[in-house]
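All of these numbers come straight from a predicted model, not from anything done at the bench. Residue numbers begin at 1 in each chain, while the letters A, B, ... track the order of the sequences.
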Protein chains: 2
Amino acid sequence: MSLHDQLRAVALAEFATAGYAATSLQRIAVLAGTSKASVLYHFASKEQLLAEIVSPALDDLEQLILPIEGTGGLRRADFVERFVDLLLLHSQVVPLVINQGATLDDVPVMHRATELMRRVAELFRPASGSTIEKLRFGVAFGGVAYTLAAADRLGLNGEIPIDEVRSALLEILHDLLVPADTRTA
Amino acid sequence: MSLHDQLRAVALAEFATAGYAATSLQRIAVLAGTSKASVLYHFASKEQLLAEIVSPALDDLEQLILPIEGTGGLRRADFVERFVDLLLLHSQVVPLVINQGATLDDVPVMHRATELMRRVAELFRPASGSTIEKLRFGVAFGGVAYTLAAADRLGLNGEIPIDEVRSALLEILHDLLVPADTRTA
DNA sequence: CACCGTACTGACCGATCGGCCAGTGCTCTG
DNA sequence: CAGAGCACTGGCCGATCGGTCAGTACGGTG
């Protein structure tokens, strides 16, 4: 693995666990076995390092929702499954965005993350505008993302196999999001 | 309102929205119309300011779960209702703990917060140890807390009356947490 | 009046932050 | 061999951080 990639990996882990503001370039450098100056050689700034870390996940999410927004067609069950897979694929980025998105929304890449989540919410909006449906959506996606982010801290996970997590999350989201009428139909 | 209380209020709002690390004592002072030195006159340190802000909510939570841990008796529906009321009562503290608990667990008061949430999780543990039940709990409480924390950002709330939020959250949590057998019984 | 505790301030401290820059090897190429 | 270019570094910069401290204004109290 190139130093560039290793710096990205180290920074991701630190940003996700300790927080962006609390992680200094110095610390990232030491953990990767190099100097602070070399970090800034590979990445123009701390913000751009963050952007390079987060962007791939956001690109994937955008690619997931763009065609849906275009056609207006959305089969919730399909979307939920692909969304969960996306969260699991970028499982380290999820806590970063979830826990620190609000704090860092002046950083362009994090603002983009918030905006994307808002668009995901919009996808579910037209079908049901009642308060409980809105909250149902918030609890569902916030809950899944937060659970992935905080599983260790709450002592929720031993070494649960990822397949089991996947199917469990799908079932929970299905209960919460797929309307009862299409469920029974 | 005394300056002491006003500083607490300003700091809470800033910590919750901008983040603990990103909020300087200088900024708190200016927002409260005083000097940084006076903030440190009222609070021995930035950490203690945080502790004074968060502790009351944690005390309430501890008072809620202590008798349950003692007797071992837990009627889930009752607990869920009281827990939601507690979250709504301390709605500004919730995002602070949720979003920044992991980042700040070296701060004693935030470690206490995480520990309390772990104990809440333990209350639900013995009844059902399967993976899906654990995740169900995580999604439920994480989701509710996160929804309260991030409602604005995701465009989920207009001016939804709090009673409506309360009953909606109760219904969602009930669906997720109260076991099907006691539901149908 | 003298005295005291409370509230508060401006100036300063060392530490650390993100970022910049001149310089140094090292490798590849003509 | 000369030289261009990439990878990397130590040292420095200004800014800002949390925190300390000596000093001040002031409303009681004897």
Q. Around B/I162, counting heavy atoms of other residues, nucleotides and ligands shown, do more than 12 lie under 6.0 Å from its CD1?
A. no
Q.
Taking CZ in A/R112 as the centre, count heavy atoms belonging to other residues, nucleotides or ligands within less than 6.0 Å. Is the count above 12?
A. yes
Is a side-chain N or O of [X] found less than 3.5 angstrom from the main chain of [Y], in a donor-acceptor match?
| X | Y | value |
| --- | --- | --- |
| B/Q100 | B/Y20 | yes |
| B/K36 | B/S24 | no |
| A/T147 | B/L135 | no |

Q.
Does anything in residues 83-110 of chain B form a ring pair (Phe, Tyr, Trp, His ring centres under 6.0 Å)? List the pairs, not counting sequence neighbours.
A. B/F79-B/F83, B/F83-B/F141
Q) Just by protein heavy atoms under 4.0 Å, how would nucleotides 17-24 of chain C read 5' to 3' in B, S and -? A) SBB-----
Q) Is the shortest side-chain N/O distance from B/T34 to OP1 or OP2 of C/dT9 below 4.0 Å? A) yes
Q | side-chain N/O B/H42 vs C/dT6 OP1/OP2, d < 4.0 Å | A | no
Q) First contact, last contact: which nucleotides of DNA chain D are these for chain A, 5' to 3', heavy-atom distance under 4.0 Å? A) D/dC6 to D/dG10
Q) Can you list the steps and then say if B/F43 with B/L25 is a side-chain contact (heavy atoms from CB on, under 4.5 Å)? A) CA-CA 11 Å; B/F43 306 91; B/L25 296 177; over 6 Å; no
Q: Using distance alone, with no hydrogens and no angle criterion, decide if B/H4 and B/E52 have a side-chain donor and acceptor under 3.5 Å apart.
A: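 B/H4 vs B/E52: donor-acceptor pair found between side chains.
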